[in-house]
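Small disclaimer: the values here were computed from a predicted structure and weren't measured. Start at 1 with the first residue, then count along the sequence.
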Amino acid sequence: MEPLTPAKRLTAIAAGIVLAAGASVALYQHLTKQPLAKLVRADLPLLDLTVKLRDAARNDLDANDSLVGSNDEVPAGDERCPALTGGDIGSATAVDVSIKRPADCPRRAAWYVRKHPVAFTLYFNRGDAFLNWWDNQAEVRQMVENRFVKGLFFGLLQSLHVKAEQLNLQGMQGDFLLQVLRDAVNANAELHYDMAHGSQGWVISYRRSASGLADQALPALAGVLASSGYRVAKLPEPILEARIGLQKLFFTEFRGRIYLAQSLEALLNVLDSTVPEPGGSDAPLSLALRSEAFVANLLPVFAGAETYPLRWDFALTAGEPGALHLPAAAWQGQLHSRLFEGVVASIPHDAFAGFAASLALPPDLTAEDWRKLAAAGPSANPPGPEAAGIGLVWDFSPDDPSGAIGVVVANPGQPQASAAYAQYLKNPDLGAECAGGSLFLAASSPNLLTRMKDACNKQSLSPLDWQRGVEKTRLRDAQLIAFVNPGAATRELFLAGGAGANQDANEFAPRWQQDYEAAKAAMRQDGDKLFASLPILSYAGRITEPSAGATLTGKLIAQTASP
């Protein structure tokens with residue numbers, strides 16, 4: 001055999017190195033692309049769950065068509081191996097650790113989940129554009145650095161900045177969870193909110209194939225950080241649980257997407273809920289609000305469907321919030337050409353949210369008329385040329401921390417009609433007339449009713465006074481108006497429970513009370529500064545083609561611009 005020359009020997013060595021490197025890369029990709037179950041370490045404790053679905057009244061639901069629920073009998077226990085239950089049962093959302101069970105007992109549990117439609121989903125259609133906007137917004141940085149926000153989200157913010165080095169994750173550096181979230185945004189992330197589970201109802205998902213960090217993050221989460229897990233018979237992959245800093249995290253993979261959640265119950269509910277894609281949006285960010293999560297029984301009548309998603313598209317450009325899209329529905333064919341101005345004038349300018357449409361509600365509807373409306377929906381006959389309007393107000397205050405709803409009905413042609421509308425109220429004291437009887441007002445709380453009457457009587461401001469009246473023409477010309485004022489309501493929500501009360505401690509009060517009241521005052525000051533800087537999102541528009549639905553153009557309104 002002819003001996004290798006130095007040149008051929010070097011070539012052979014280089015080829016060997018390339019082949020070895022290629023094999024290593026292929027092996028690494030094979031390992032990291034494996035299903036989640038293959039990445040879990042062998043000694044991870046796993047609990048088999050029989051998931052039982054319940055409604056808000058805790059009635060069991062049929063789970064035949066459910067992705068996670070089961071109609072099987074709840075695992076029975078005995079004196080030696082007591083039954084395990086968890087989830088939405090009373091105040092507990094975890095298995096009772098006080099129950100002592102021998103190590104050889106079956107690792108099975110019944111897990112109860114409150115079933116409810118997802119309230120809204122934030123779609124990151126162009127994650128790179130969103131991150132570029134986020135990183136270059138001085139206002140956003142000021143908001144994040146605000147002491148009120150830091151205190152409110154202390155646990156989450158602390159967890160976001162836990163270093164990979166602190167978690168002993170090989171090959172990774174820096175803020176672990178923050179890197180995962182930014183990577184998720186770039187991988188078609190969807191942020192869901194499950195209102196049935198309150199502050200623990202946030203769930204984010206993203207496409208594994210589009211993620212640049214999944215090959216490192218998933219093995220780290222499943223193989224190193226996971227402390228326990230759950231198996232659900234209908235799910236192909238386990239749900240794993242980990243704790244990072246102060247944040248408990250539940251995660252799994254389903255249909256090519258990675259799901260990260262704050263609670264097991266919210267994760268199961270989101271997986272089990274049909275969440276349609278918004279589709280067709282070029283905006284960097286879209287928010288889909290699902291009406292069925294709030295007013296399910298009204299939708300089949302007015303929308304002709306069980307679902308009616310509202311979609312906000314956010315342009316993320318200066319002064320342009322984007323547009324609000326409403327799907328086509330039967331009620332839009334009943335819009336009058338003009339919105340009665342008094343409807344908008346009766347909405348408090350600083351309410352959390354408001355909606356007004358140029359619809360007429362006749363005062364002489366009989367029980368048979370209501371039955372026909374419920375069965376066949378709105379009439380197909382075109383409306384008359386006169387102005388009309390119905391308004392809805394959603395408001396929060398220290399007196400109504402859970403929120404109050406108000407209704408405005410215009411009937412300028414029949415000023416005496418208020419008595420006919422009042423018959424629908426269980427409490428007549430929560431209704432009133434205004435503008436000589438042309439407007440009927442009703443609210444779920446006396447406080448909101450007073451605010452609406454003051455606005456209608458011009459004793460306080462309404463949206464017509466925004467920007468010192470500049471917005472009046474735009475709102476007058478619209479058939480549909482909607483607005484959201486996040487700052488006004490968020491302040492009331494976050495400062496509820498006594499935090500917003502100003503009870504100055506005098507010099508004779510104990511030192512701890514003086515310090516406590518001083519801390520509250522500082523918090524209120526920071527909160528007021530933060531919430532006053534948030535703009536009102538105002539939308540207005542007309543129906544041009546009923547079959548295409550409605551698109552309302554948005555505008556940002558500064559809270560401090562009203563007179």
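- Tested against Asp88 for a side chain to side chain contact (heavy atoms under 4.5 Å, CB included), the candidates Lys115, Lys52, Arg54, His197 yield a single pass: His197.
- The aromatic rings of Trp394 and Phe352 sit perpendicular, their planes meeting at an angle over 60°, well past the 30° parallel limit.
- With sequence neighbours excluded, the residues forming a salt bridge (Lys or Arg N to Asp or Glu O under 4.0 Å) with Arg182 are Asp135, listed by chain and number.
- When only modelled atom types and interatomic distance are considered, Gln247 and Ser159 share no side-chain donor-acceptor pair under 3.5 Å.
- Contacts of Ala422 classified as side-chain contact (heavy atoms from CB on, under 4.5 Å), with partners at least two apart in sequence or in another chain: Phe440.
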Self-check item: Intermediate values then yes/no, side-chain contact (heavy atoms from CB on, under 4.5 Å), Leu480 and Gln332
Solution: CA-CA 10 Å; Leu480 295 165; Gln332 293 172 1; 5.5 Å; no
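- In this model, no donor atom of one side chain and acceptor atom of the other lie less than 3.5 Å apart for Asn132 and Asp128.
- Applying the ring-ring contact (aromatic ring centres under 6.0 Å, His included) test between Phe483 and each of Trp466, Phe355, Tyr539 identifies Trp466 as the sole match.
- A donor and an acceptor atom, one from each side chain of Thr551 and His325, are located under 3.5 Å apart.
- Closest heavy-atom contact between Ala357 and Leu335: CB-CD2, 4.0 Å.
- No hydrogens or angles considered: a donor-acceptor pair under 3.5 Å links the side chains of Arg290 and Thr121.
- Judged as a side-chain contact (heavy atoms from CB on, under 4.5 Å), and not counting sequence neighbours, the contacts of Ala315 are Thr317.
- Arg542 is linked by a side-chain contact (heavy atoms from CB on, under 4.5 Å) to Ser337, Gln479, counting only residues two or more places apart in sequence or in another chain.
- The salt bridge (charged side-chain N to carboxylate O under 4.0 Å, His left out) contacts involving residues 334-346 comprise Glu341-Arg476, where partners must be two or more places apart or lie in separate chains.
- Of the residues Asp65, Val51, Val113, Val68, the one that meets the side chain to side chain contact (heavy atoms under 4.5 Å, CB included) test with Asp272 is Val68.
- The side-chain contact (heavy atoms from CB on, under 4.5 Å) test applied to Glu368 returns Thr366, Arg371, Lys372, not counting sequence neighbours.
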